[in-house]
Amino acid sequence: MRMATPGKLDRSAREALGGPVSVVETACPLDCPDACSLAVTVQQGKVVTIDGSHRNPVTDGYICAKVRKFGERVYGPDRLLYPAVRSGRKGAGTFKRVSWDEALEMVASRFEKAKAETGGASILPYSYGGSNGLLTQDNIDAQLWRRFGTSRLARTVCAAPTGAANTALYGKMPSITYQDYPEAQLIILWGVNPSASGIHLVPYVREAQKRGATLVVIDPRTTPLARSASVHLAVKPGTDVVVALAIHRYLFANGHADEAFLRAHTHGAGTLCERAEPWTFERAAGVAGVDPALLERVAELYARSTPALVRCGWGLERNRNGGNAAMAVLALPAVGGKFGVRGGGYSMSNSASWNIDRTWIGTAEPDTRVVNMNHLGRALTEYDDPAVNVLFVYNCNPAVTVPDQRRILHGLEREDLFTVVFEQVMTDTALYADVLLPATTFLEGYDFAKGYGPISLDLGKAVIDAVGEARSNADVFGDLCSRLGLLTSDEPAGELDLLVHVLDRLPESIGSELRAGGLPSPPCGFAPIQFVDVFPNTPDQKADLFPAALDPGTPMGLYRFQPDPATDRYPLALISPASERTISSTLGELPRPDVKLLMHPDDARARGLAENDLVRIFNELGEVHCTLTVAPDVRPGTVSLPKGTWRRSTRNNTTGTALVPDTLTDLGGGACFNDARVQVGSLANA
Ligand SMILES: Nc1nc2c(c(=O)[nH]1)N[C@H]1C(S)=C(S)[C@@H](COP(=O)(O)OP(=O)(O)OC[C@H]3O[C@@H](n4cnc5c(=O)[nH]c(N)nc54)[C@H](O)[C@@H]3O)O[C@H]1N2
Ligand SMILES: Nc1nc2c(c(=O)[nH]1)N[C@H]1C(S)=C(S)[C@@H](COP(=O)(O)OP(=O)(O)OC[C@H]3O[C@@H](n4cnc5c(=O)[nH]c(N)nc54)[C@H](O)[C@@H]3O)O[C@H]1N2
Ligand code: SF4
Ligand SMILES: [Mo]
C-alpha cells in the first residue's frame, strides 16, 4: 500500500529547503469509474506530488500512474496560459495573446452576429465529459446554450447504447458496487478491462477468486484478468448479442429460467425467449468465432452459480449491435434468477444512483436542432439548415476522439467557420481554434467527483491557484452569459457562487456531509442488493425484458444481429480500447513510448509482418502509420490500437479515429468505434 509522500525528498528535508509543505485532500473527477480521494502535496503554491488517500475506502491509498503524473500537465509545455486568437492558417497552431476581455467580446459578438444572420441553431456547442464533474458541465454552460437558443448536442460518444439498454430494462437501477464483488461465486467480465479502465476493481475481483469464485472474461483481447480467468471467450467484436442469446436459450430450454421471478418482476420474457430460440451454441459460437463447448461451459456455470455477477462494460457497446448486446447481457440475471442476493445481479455504470436531476439549471431545453456528436464531421461539412457557422468546443477533444477524423479536420479547416476552443492544453482540436480560452484543471478549482463504479460523491477542492490566466468553466460561461444579458442578478455567474448554489440544492444530508469534507451516504446505500434494496426505476418497478417501443426503432428489431461489416479488402476488425497511458485523450500530450498496433501472429505471418515493422493500417476513410507489435493477446482477425492517442503519436499525424465510420449503434445513437474494418500492410511496400 502506498502512502502520500511529499516527493522524492522526505517532508522535513523538503521543508528545510523550500518552506512549509501541506497535504491537501481532494478528489479525482476524471472520466473513470473510481473517483479516487486524493492527497496532494503542495509547497510554495505548487503541486509536488499527487497520491491516493484513504478517505475513500475504495481508493485505499493508491491511484493510477496517469493521475500521479497530472502535475506534468498542469505545468507542462502544452499548457494554455493565456487567451489567444489565431494568427496563422487554421490548424497551424500559431496564436497571438489577447486579454480575456478582448477574447470574450469577440466570442459574444460572433454569437450575436450568427444569431442575427443565420439563427441560434448555426451555433454548435460541443462538449463531452471533460473533468466529468458536476460543476464543470451542464450548469451555466447549459443556461447559455438554452437561453441563447443554439443547436443542441446529443452526447453519444460513450455509454449511449449501454445507457439506453439499462434505461429500457431497469430504469438505470443502481447496480452491484466494487465492494460486493468478493461475495460472488461467479464473475463474468463482459467487454471490460478494469486493469486499465478502473483499477480499483481489480483487488475485489482477486479477493473473490481467493474465496473460490470462478472468473469468466469475454473479450477479443487477452486482458490481464483474462489470463487468470477459468474461461476466456475471445469473441469477435460485435457478436456479444448472439453469445448472450445462446445463454438465454440454454436457460429457457433447460429449466434454468426463474419462472417465479420472471412472473413477479418482469415483462416480455416470452418474446425474449422467442428471439433467443435460433441461437444454438453451435450457431452463436460460429458467428462469434469461439469454441461452442466453451460457450456451453459459460452457460452451465451461469445456470448453476449463485451469487453470479455479470459486469457489462463499454467495450461491447461500440459497434452496430452494441445496444442489443447490452440488452441481452443485462437481461441475463433476470432470466437466470440471479438477483436478490449480495453479489448477484449486474454491475455497470452507477452514475444515476444519486438521482441528481440538475433542476438548478432552471431553464428548459429549447426546441432547437439536435446534432448527434458522432456526426460532427457531417455537421461541419454537410448540414445546411442552417450550416454550423460557430463551433464552441469545451470538455472534449473531438479531433482525436470522435469518429471519422478526416471529415472532422476538413470541417475544422473551413475558413468561414468560427471555432472557439476552451481547453487546458494545446490539444489537436485546440490547434484549429480561432479563439483559444485557457481552462483550469481540477487541481485549480472546485468540482464534484461522482464515482460510477463505486457509488460515491466527493467534493474536489482547489489545491493551487489557477496557472497563468486559466479560468474555470463556471467563470467563463458566467462571464459570457453576462455579456449576452442572459443571467438575472440572483443567479450564480462564477465558480464559488455556483458551488454554493449547487450544495444548497442537493439533499440536505448530502450537502452538509460534502461541506464537512466527508463522503455522503447515497440514497440507495453504498452497496445495495438489487431487488432487495433497489428496484427498477420503471413505472411499475418491473424489469422490461422486451421494451416493445424500441423494437421498430432498432434497425433489425430487438435482440437481432447485424452481420459483420468486414469485406475482402478490409477484413480485419480494428478495436481501440482504453489504455493505461491516457484517460480518453487526456494526458496524451505527455511523452510516451510509440503507439503500436497489436496483431495476432497468424495475421502477421499471413502479411509477412514482424515485430516492430512500420505498418500502414488503412481503409476507405483514412490511414494510420505506426509500428507493429505481434502477440497472441488479441484474437486472429482483430487488431487493436489504444484509444485517445494524439496525432503526434503516429508517423502520419492521424489516430485510430481516422479509420472509424460515423455509423451509429442500434440503440442510443452511439459511436461504432469497433466497427472499423481495415487492412494492414508493411509501410515499406506502400
Ligand atoms: N486508463 C483509462 N481508464 C479509463 C479510460 C481511459 O481512456 N483510460 N476511459 C474511461 C472511459 S471514458 C470509459 S467509457 C471506460 C471504458 O472502460 P471499458 O469498459 O473497459 O471499455 P473499453 O476500454 O472500451 O473496452 C473494454 C474491453 O472490451 C474489449 N472489446 C472491444 N470490443 C468488444 C466487443 O465487441 N465485445 C466484447 N465482449 N469486448 C470487446 C476490449 O478489448 C477491452 O479489453 O473507461 C474509463 N477509464
Ligand atoms: N478510437 C476510439 N476513440 C474513442 C473511444 C474508443 O473506444 N475508441 N471511446 C470514446 C469514449 S469512451 C469517450 S468517453 C470519448 C471521450 O472523448 P473526449 O470527451 O474528447 O475526452 P478527452 O479526450 O478526455 O477530452 C476532454 C478534454 O476536456 C478538457 N477538460 C478537462 N476538464 C476541463 C474543464 O474543466 N474545462 C474545460 N474547458 N476543458 C476541460 C481536457 O483537457 C481534455 O482535452 O472518447 C471516445 N473516443
Ligand atoms: S483516473 Fe481513476 S484511478 Fe486514476 S486517480 Fe482518477 S479516479 Fe483514480
Ligand atoms: Mo467513455
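Order of appearance sets the numbers: ligands from 1, and atoms from 1 within every ligand.
- With respect to atom 5 (C) of ligand 1, the closest heavy atom belonging to the protein is Ala578 CB, 3.7 Å.
- Of the candidates Glu423, Glu444, Glu469, Glu444 is the only one forming a salt bridge (Lys or Arg N to Asp or Glu O under 4.0 Å) with Arg79.
- Summarising the geometry of Gln424 relative to Phe442, their closest heavy-atom pair is NE2-N, 4.4 Å, with the distance given to 0.1 Å.
- No side-chain donor-acceptor contact under 3.5 Å links Ser347 to the backbone of Arg311.
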Review point. Hey, mind stepping through Trp145 and Tyr126 against ring pair (Phe, Tyr, Trp, His ring centres under 6.0 Å) and telling me if it holds?
Key: CA-CA 10 Å; Trp145 313 130; Tyr126 197 89; over 10 Å; no

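- By the 4.0 Å heavy-atom criterion, Gly238 is counted among the residues contacting ligand 1.
- With no hydrogens or angles considered, no side-chain donor-acceptor pair links Tyr394 and Asn473 at under 3.5 Å.
- Counting only non-hydrogen atoms, the option in Glu580, Arg318, Arg635, Lys66 that gets closest to atom 24 (O) of ligand 1 is Arg318.
- In terms of protein heavy atoms, atom 15 (C) of ligand 1 is closest to Trp314 CE3, 4.0 Å.
- At a 4.0 Å heavy-atom cut-off, ligand 1 touches Ser579 through the backbone alone.
- Counting all heavy atoms, side chain and backbone alike, Trp279 lies closest to Val287 at CZ3-CG2, 3.8 Å.
- Close approach to Ile575 involves these atoms of ligand 1, each under 4.0 Å from a residue heavy atom: 42 (O).
- Side-chain atoms of Asp666 come within 3.5 Å of backbone N or O of Gly323 as a donor-acceptor pair.
- Judged by distance alone, with hydrogens and angles left aside, the side-chain atoms of His375 form a donor-acceptor pair with the main-chain N or O of Asp662 at under 3.5 Å.
- Every atom of ligand 1 is numbered from 1 in the order shown, and the set under 4.0 Å from a heavy atom of Asn193 is 20 (O), 26 (C), 44 (O).
- Using a 4.0 Å cutoff on heavy atoms, Arg581 does not count as a contact of ligand 1.
- At a 4.0 Å heavy-atom cut-off, ligand 1 touches Asp240 through the side chain alone.
- For ligand 1, the polar-atom distance check against Pro220 finds no nitrogen or oxygen pair separated by under 3.5 Å.
- At under 3.5 Å, not a single nitrogen or oxygen of Gly644, backbone or side chain, sits near a nitrogen or oxygen of ligand 2.
- Distances between N or O atoms of Thr239 and those of ligand 1 include no value under 3.5 Å.
- Heavy atoms of Thr427 found under 4.0 angstrom from ligand 2 belong exclusively to the side chain.
- Of the heavy atoms in Ser197, both backbone and side-chain atoms come closer than 4.0 Å to ligand 1.
- In terms of modelled atom types and a separation under 3.5 Å, the side chain of Asp447 and the main chain of Lys461 share no donor-acceptor contact.
- Numbered from 1 in the order shown, with element, the atoms of ligand 1 that lie under 4.0 Å from a heavy atom of Trp190 read 38 (N).
- Proximity of Leu301 to Val216: side-chain heavy atoms (C-beta onward) are separated by under 4.5 Å at one or more points.
- Considering both main-chain and side-chain atoms, Tyr128 never comes within under 3.5 Å of ligand 2 through any nitrogen or oxygen pair.
- The proximity of Arg73 to ligand 2, defined as any non-hydrogen pair under 4.0 Å, is limited to the side chain.
- Looking at Glu589, its side chain does come within 3.5 Å of a backbone N or O of Leu587 through a donor-acceptor pair.
- For atom 11 (C) of ligand 1, the closest non-hydrogen atom of the protein is Lys643 NZ, 3.5 Å.
- Counting heavy atoms closer than 4.0 Å to ligand 1, residue Asn674 contributes side-chain atoms (C-beta onward) but none from N, CA, C or O.
- Here the side chain of His600 pairs no donor or acceptor atom with the backbone of Thr638 at under 3.5 angstrom.
- Using modelled atom types and a 3.5 Å distance limit, the side chains of Ser127 and Arg155 yield a donor-acceptor pair.
- Between Trp314 and Tyr452, a ring centre-to-centre spacing shorter than 6.0 Å is recorded.
- Smallest separation of non-hydrogen atoms from Ala196 and Glu580: CB-OE2, 3.8 Å.
- Considering backbone and side-chain N/O atoms, Val660 never comes within less than 3.5 Å of an N/O atom of ligand 2.
- In summary, the atoms of ligand 1 found under 4.0 Å from a heavy atom of Thr582, numbered by their order in the structure, are 1 (N), 2 (C), 6 (C), 7 (O), 8 (N).
- Contact between Ile50 and Val67 at its shortest, heavy atoms only, is CD1-O, 3.5 Å.
- The shortest separation from a heavy atom of Lys236 to ligand 1 is not under 4.0 Å, leaving the residue out of contact.
- Residue Pro237 approaches ligand 1 through these ligand atoms, each under 4.0 Å from one of its heavy atoms: 34 (C), 35 (O).
- Atoms of ligand 2 lying under 4.0 Å from at least one heavy atom of Thr657, given by number and element, are 1 (N), 3 (N).
- The shortest contact between atom 25 (O) of ligand 1 and any protein heavy atom is with Gly315 CA, 3.4 Å.
- Looking at atom 10 (C) of ligand 1, its nearest protein heavy atom turns out to be Asp31 O, 3.0 Å.
- For atom 7 (O) of ligand 1, the nearest non-hydrogen atom of the protein is Ser584 N, 2.7 Å.
- Under 4.0 Å from ligand 2, heavy atoms of Ser576 appear from its side chain as well as its backbone.
- Side-chain contact between Thr586 and Arg73: present, with at least one pair of heavy atoms (C-beta onward) separated by less than 4.5 Å.
- Counting only heavy atoms from C-beta outward, the side chains of Pro203 and Tyr62 approach each other to under 4.5 Å.
- Contact annotation: for Asn319 versus ligand 1, heavy atoms closer than 4.0 Å belong to the side chain alone.
- Residue contacts with ligand 1 include Ala196, since one or more of its heavy atoms lies under 4.0 Å from the ligand.
- In terms of polar-atom proximity, defined here as any N/O pair under 3.5 Å, Tyr452 makes no such contact with ligand 1.
- Shown in contact with Cys158 at under 4.0 Å from a heavy atom are these atoms of ligand 1, numbered in order with element: 14 (S).
- Nearest-heavy-atom check against atom 18 (P) of ligand 2 across Val400, Thr401, Thr136, Thr645 picks out Thr401.
- With a 4.0 Å cut-off on non-hydrogen atoms, Thr223 touches ligand 1 through its side chain and not its backbone.
- For the residue pair Pro403 and Pro661, the shortest heavy atom distance occurs at CB-O, 3.5 Å.
- By heavy-atom distance, the residue among Asn473, Ile583, Leu574 lying nearest atom 36 (N) of ligand 2 is Asn473.
- Side-chain N or O atoms of Asn139 include one that pairs as donor or acceptor with a backbone N or O of Gln137 at under 3.5 Å.
- Phe422 counts as a contact of ligand 2, since one of its heavy atoms falls under 4.0 Å from the ligand.
- Remark: minimum distance from atom 42 (O) of ligand 1 to any protein heavy atom is reached at Asp219 OD1, 2.7 Å.
- At a cut-off of 3.5 Å, with distance as the only test, no side-chain donor of Asp31 or Tyr128 sits close to an acceptor on the other residue.
- Listed by atom number, the atoms of ligand 1 under 4.0 Å from Gly313 heavy atoms are 19 (O).
- Per-residue contacts place Gly191 under 4.0 angstrom from the following atoms of ligand 1 (heavy atoms of the residue considered): 19 (O), 26 (C), 27 (C), 28 (O), 37 (C), 38 (N), 39 (N).
- Heavy-atom minimum distance, Thr26 versus Gly460: OG1-CA, 3.2 Å.
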